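Notes for the one structure printed next.
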Amino acid sequence: MKSCEVIPAINQCETHLLLQQKPLREAMKSKKTLLQSWSPFIAGKGSILENPALKSIAQKYNKTPAQVVLRFLIEQGISVIPKTSKRARMQENLNVFDFSLSAQNMQILKGFDTNKSAFSWTNN
């Protein structure tokens, strides 16, 4: 930020249930930069959408685990653009604005954070 002439409006970073980017979000908030979730479903790694606690929360709202993940990120002020080429999934991903997660369910989902990347960014 010290060398930027223009402060970015959006910063797209790996952000999902397992890496919720809390310190980054706090830093960006002071600059009014929006965090956009890159890979909100962790590219299918670790079968996060099969997690029993996530599935249980989804059932309570009559939603899919993917919809709960998107709603969780949105409720925290994180922009999401999930990747899919399937029309049915596109429609599912858009159908996340007709419910809100309870404070209890938000706390459960916040507990998923490991603060670790799910991707290897080195050649090691």
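Every value quoted in this text rests on a predicted model; they were computed, and no experiment measured them.
Using a 4.5 Å heavy-atom cutoff, the side chains of K110 and L17 are not in contact. Looking only at side-chain heavy atoms (C-beta outward), Q36 and N11 stay at 4.5 Å or farther from each other. Between L24 and C13 the shortest side-chain heavy-atom distance falls below 4.5 Å. Looking only at side-chain heavy atoms (C-beta outward), I108 and L54 stay at 4.5 Å or farther from each other. Contact check for Q91 versus R87: side-chain heavy atoms found under the 4.5 Å cut-off. Side-chain contact between L70 and F41: present, with at least one pair of heavy atoms (C-beta onward) separated by less than 4.5 Å.
Checking K55, E92, Q59 one by one against T64, the side-chain contact (heavy atoms from CB on, under 4.5 Å) holds for a single residue, E92.
A donor-acceptor contact shorter than 3.5 Å links the side chain of T114 to the backbone of L18. In this structure, the side chain of S102 engages the main chain of N105 through a donor-acceptor pair within 3.5 Å.
If you chain together hydrophobic residues whose side chains sit under 4.5 Å apart, L73 and Y61 fall into the same group. In this structure, F99 is a member of the same hydrophobic cluster as F72, with clusters built from ILVMFWY side-chain heavy atoms closer than 4.5 Å. Under the 4.5 Å side-chain heavy-atom criterion for grouping Ile, Leu, Val, Met, Phe, Trp and Tyr, L19 is not connected to V80 through any hydrophobic cluster.
The number of heavy atoms from other shown groups lying within 6.0 Å of NZ (K60) is above 12.
Closest non-hydrogen pair, T15 versus S37, comes out as O-OG, 2.6 Å. Closest approach of A58 and P65 over heavy atoms only: CB-N, 3.6 Å. The minimum heavy-atom distance linking P82 with P40 is given by the pair CA-CG, 4.1 Å. Heavy atoms only, all atoms of each residue included: F112 and I48 are closest at CD2-CD1, 3.9 Å. Shortest non-hydrogen contact noted between I7 and T33 is CG2-OG1, 3.6 Å. The shortest non-hydrogen separation linking K22 to D113 is CE-OD2, 3.5 Å.
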**Study point:** Worked verdict on L109 versus V68 for side chain to side chain contact (heavy atoms under 4.5 Å, CB included)
**Key:** CA-CA 9 Å; L109 295 169; V68 169; 3.8 Å; yes
**Study point:** Step-by-step side chain to side chain contact (heavy atoms under 4.5 Å, CB included) determination, N93 to Q67
**Key:** CA-CA 6 Å; N93 292 342; Q67 288 171 313; 5.6 Å; no
Practice item. Test S39 against E14 for side chain to side chain donor-acceptor pair (under 3.5 Å), laying out the working first. Key: CA-CA 6 Å; S39 198; E14 178 187 354; over 6 Å; no
Check your understanding: Checking side chain to side chain contact (heavy atoms under 4.5 Å, CB included) for the pair W38/I81: CA distance, chi angles, key distance, verdict?
Key -> CA-CA 7 Å; W38 174 79; I81 302 179; over 6 Å; no
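Think of L34 as one node in a network of Ile, Leu, Val, Met, Phe, Trp and Tyr side chains linked at under 4.5 Å; its network also takes in I10.
Between R71 and D98, none of the side-chain N atoms (NZ, or NE/NH1/NH2) sits under 4.0 Å from a carboxylate O, so this pair counts as no salt bridge.
Atom CG of L101 sits about 9.5 Å away from atom CD of Q76, to the nearest 0.5 Å.
In this pair, H16 and F119 present their aromatic rings perpendicular. The plane angle is above 60°, beyond the 30 to 60° band.
Listed by chain and residue number, nothing satisfies the side chain to side chain donor-acceptor pair (under 3.5 Å) test with S100 (two or more places apart in sequence, or in another chain).
Using a 3.5 Å distance cut-off with no hydrogens or angles, the side chains of R25 and Q20 do not pair a donor with an acceptor.
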